[in-house]
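Atoms within each ligand, like the ligands themselves, are counted from 1 in listed order. None of the values given here were measured: they were computed from a predicted structure.
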Amino acid sequence: MRKVYLNHDGGVDDLVSLYLLLQMDQVELIGVGVIPADCYLLPAVSASQKIIQRFSKRLDLKVAASNSRGLNPFPTEWRMHAYYVDALPVLNEDLPLKVGLSNLPAHQDLIRALKESDQKVDLVFVGPLTDLARALDQAPEIETKINKLIWMGGTFLADGNVHESDHDGSAEWNAYWDPQATKRVWNSSIEIDLVALESTNKVPLTIDIREGWAKQRSYIGMDFLGQCYAMVPPLVHFATNSTYYLWDVLTTLTLVNDSMIQKKVVYSTVHDQGPSQGRTQVDPQGRPVNLVYDVDHDTFFQGIEHL
Ligand code: AGV
Ligand code: CA
C-alpha cells in the first residue's frame, strides 16, 4: 500500500484527480490540501469534501485549506470552475457534510501528515508548489519522509501555456503562479517526477473522448467525470488559450500505471523573475528531474475507465 498526500488547486481535472485517487486500491490517501490558485478556495474545499463523502468510505479524511498566495493570479473564468463542480447534484444529494476540515492550513497539514506517517509518502501536487515550499522552509526535516514528488508542472518546450501580456510565453501555469516556490522545491533534494506539457499536450479533451464517457454514464463515477468535463472547452479545430487537457489526471494515473509513460532525466533550473518567470530550463549545472515526456494516449484513456 502506497501512502499519498494530494495537494490540488480546484480545477476540473484537479477534482477529478481526487475522485480517481480515491478509487485506487493500491493507494492510501493520507491527506488533501487545497490551494486557491486555479480556483476559488471555498467551492474547491467544499467540492473536495463532497467528493470524498460521495465516492469513498474515508469519512475520516480531512480537507486542509491553504492560506498561500501566488504572485501571478489565474484568469477568473478558470477559477470559477470549482463553483460548477461543487454545485453538481450528484455531490449534493447526501448532505449535510460528514467529511470535515483540517484545523491546520494546508502547508502545516502536510507537515503533520508526513511526521505522523510510519512510511515514506508520495506527494501528488497538481497545482502550484507553494504549500510544499512553505512546508520545507518551516520543517526541512520532512524531506526524509518524502518518497518522491509527482508534479504536474513545467515544460522544456519553447511554448508554455501562459499567455499574459507581461510574460514571454515560455512557462507552464503552475510553475508561473508562484515561481519562487517552484525554485524553492528545485533547491531541495526531493526526487521529482515532472508531468510536464510535453506529455499532457498529448491528452487533450476531445469530443470523441466525451462521447466515450457518455456511453458509460450508467456508472455513477463515469457520469460524474462526464459532468465535470462538460464544463470546459474541448480541442476541436485548433488549440486556444482555454483548450482543456487532462493535465492532472495524467499526473495522477502515473502513480499506478508507469508503463504507459516515457521518462528521462533532465537537468534544469527555474527562472524566478522577469519575463520568463516560471520557466523551467535545461541546464547541465541544474538539478535532475524525471521528465515524463510521452504517454500512450489510448492506454491512458482506457486506464481512467478501468481503475
Ligand atoms: O497548466 C495546467 C494546470 C493543471 O494543473 N492548470 C490546469 C490543470 O489543473 C492551469 C491551466 C492551464 N491552462 C488552463 C488551465 C485552461 N485552459 N483552463 C484551466 N486551467
Ligand atoms: Ca491543477
Short check: any N/O/S atom of [X] below 3.0 Å from the Ca ion (ligand 2)?
{"X": "D13", "value": "no"}
{"X": "D38", "value": "no"}
{"X": "V126", "value": "yes"}

Taking atom types as modelled, find out whether [X] and [Y] have a side-chain donor-acceptor pair closer than 3.5 angstrom.
{"X": "H167", "Y": "Q277", "value": "no"}
{"X": "S268", "Y": "R287", "value": "no"}
{"X": "D294", "Y": "S199", "value": "no"}

Testing L91, L59, L61 for side chain to side chain contact (heavy atoms under 4.5 Å, CB included) with Q53, which one passes? L59
Member of T200, N201, T206 meeting the side chain to side chain contact (heavy atoms under 4.5 Å, CB included) criterion with P204: T206
Counting non-hydrogen protein atoms only, what is the nearest one to [atom]? Give residue, atom name and distance.
{"atom": "atom 2 (C) of ligand 1", "result": "E172 OE2, 3.3 Å"}
{"atom": "atom 5 (O) of ligand 1", "result": "D248 OD1, 2.6 Å"}
{"atom": "atom 9 (O) of ligand 1", "result": "D13 OD1, 2.6 Å"}
{"atom": "atom 12 (C) of ligand 1", "result": "N161 ND2, 3.4 Å"}

Regarding atom 16 (C) of ligand 1: of the candidates F74, W78, F125, which has the closest heavy atom? W78
Among the N/O/S atoms of D248, select the one at the shortest distance from the Ca ion (ligand 2) and name it. OD2
For D9, the N, O or S atom at the shortest distance from the Ca ion (ligand 2) is OD1
For residues [X] and [Y], report the shortest heavy-atom separation together with the two atoms involved.
{"X": "D168", "Y": "S276", "answer": "OD2-OG, 2.5 Å"}
{"X": "M1", "Y": "V27", "answer": "CE-O, 3.9 Å"}
{"X": "A135", "Y": "H107", "answer": "CB-O, 3.7 Å"}

Heavy atom of L197, distance to ligand 1 below 4.0 Å: no
For [X], atoms of ligand 1 separated by under 4.0 Å from a heavy atom:
{"X": "S242", "result": "17 (N)"}
{"X": "T243", "result": "17 (N)"}
{"X": "D38", "result": "6 (N), 7 (C), 10 (C), 11 (C), 15 (C), 19 (C), 20 (N)"}

Same hydrophobic cluster for V162 and V232, using side-chain heavy-atom links shorter than 4.5 Å among ILVMFWY? no
Side chain, backbone, both or neither: [X] near ligand 1, heavy atoms under 4.0 Å:
{"X": "V126", "value": "backbone"}
{"X": "Y245", "value": "neither"}
{"X": "D14", "value": "side chain"}

Looking at E77, I'd like to know if its CD atom is crowded, meaning that more than 12 non-hydrogen atoms belonging to other residues, nucleotides or ligands lie closer than 6.0 Å. no
Mind checking whether Y244 has an N or O less than 3.5 Å away from an N or O of ligand 1? no
How are the rings of Y19 and F55 set relative to one another: parallel (under 30°), tilted (30 to 60°) or perpendicular (over 60°)? perpendicular
